[in-house]
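Since the structure comes first, as structure tokens, the remarks are kept for the end.
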Amino acid sequence: MGEVVLAAKVTHVPSMFISEQEGPLNGIRKEAIEGLKRIGDLCREREVDTIVVADTHWLVNAGYHINAKPDMSGLFTSTEFPHFLNNMEYNYVGDPELGQLIADTATKNGVTTLCHHEVDTLEVQYGTLVPLRYMGIGTDIKIISVAGWMYDAELEESKIVGESILEAVRKSGKKVAFLASGSLSHRIPPNKDVGDYLFKISRPLNQQTDLMVLDMWKQGRIKDFLEIMPKYAEDCAGEGGMHDTAMLFGLLGWDKYEGQGEMMTEYFPSSGTGQCNVLFPVSTNAKSQQDVHPV
Ligand SMILES: [Fe+2]
């Protein structure tokens with residue numbers, strides 16, 4: 001039987017790409033990059049076959065969508081932050097078989113989902129590409145990108161998609177890692193101010209709420225978090241409406257999940273938004289998780 005062997009909420013801030021470059025901003029996102037590298041190392045240690053990424057930079061207007069085309073290579077420039085993230089080379093291999101199984105399972109469970117693996121020109125967004133870059137993922141591990149920014153969908157639907165990913169993985173016989181790629185609060189400051197906010201949060205209320213949420217995750221108070229998630233996503237402008245996070249907890253067992261989040265990168269503000277890397281133990285391999293809901 002297949003299994004989910006790793007689950008995490010991860011950052012994809014383009015300033016990590018800047019951090020790589022020579023110049024005054026070299027190294028500014030060292031901790032975020034190191035956190036992602038550790039998550040990548042865990043994927044390799046746990047012999048992951050496929051990484052599924054819920055990408056809050058992939059906006060869809062109707063239905064849920066999956067990109068699992070076999071050739072995921074190219075040169076990426078962000079249309080949102082072209083000055084931060086441009087000409088980034090990538091070379092990944094998609095997993096059309098698992099992508100289709102996830103789409104079929106989610107559709108069967110009531111959320112219409114399409115897997116695209118014959119549309120060569122369907123671009124992969126940077127919510128997928130940036131974490132994989134710093135995790136050091138090569139062509140030996142396959143990838144799948146799931147749209148994680150819904151124009152007008154219920155979080156309940158994304159919960160079902162998360163549950164369906166788990167169901168499909170179990171049928172697949174594969175070892176899978178799941179990444180919810182998105183920030184905590186996500187208020188980018190007004191244009192005239194944003195240049196001053198590379199290392200600052202946009203609103204103190206957002207930071208305090210983000211830190212409260214991280215405490216809930218670290219303490220394993222997932223049921224409490226899920227009760228506030230819709231309001232939190234709305235009031236703190238959760239990235240992509242936090243559909244990535246609804247998928248994550250759907251996959252982990254929702255309010256039955258009893259694991260405690262482990263910080264891989266401590267909280268940091270970036271262009272006004274709240275960011276982190278947090279690992280959520282799964283029962284198959286974490287050390288201290290005898291009571292964790294099995295996934
Ligand atoms: Fe983002």
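Numbering of ligands and ligand atoms starts at 1, following listing order. If you're wondering where the values come from, they're calculated on a predicted model, not measured in any experiment.
Without hydrogens or angle criteria, S202 side chain to G272 main chain gives a donor-acceptor distance under 3.5 Å. Of the possible donor and acceptor atoms, one in the side chain of K9 sits under 3.5 Å from a partner among the backbone N and O of G182.
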**OP:** List the steps and the verdict of side chain to side chain contact (heavy atoms under 4.5 Å, CB included) for Y64 and M247.
**Re:** CA-CA 12 Å; Y64 279 65; M247 289 180 200; 3.9 Å; yes
**OP:** Decide side chain to side chain contact (heavy atoms under 4.5 Å, CB included) for I201 and Y267; before the verdict, give the C-alpha distance in whole Å, the side-chain angles of both, and the deciding distance to 0.1 Å.
**Re:** CA-CA 11 Å; I201 196 80; Y267 182 76; 3.3 Å; yes
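The minimum distance between the Fe ion (ligand 1) and any N, O or S atom of H57 involves atom NE2. For E239, the N, O or S atom with the smallest separation from the Fe ion (ligand 1) is OE2.
The nearest N, O or S atom of H186 is not closer to the Fe ion (ligand 1) than 2.8 Å.
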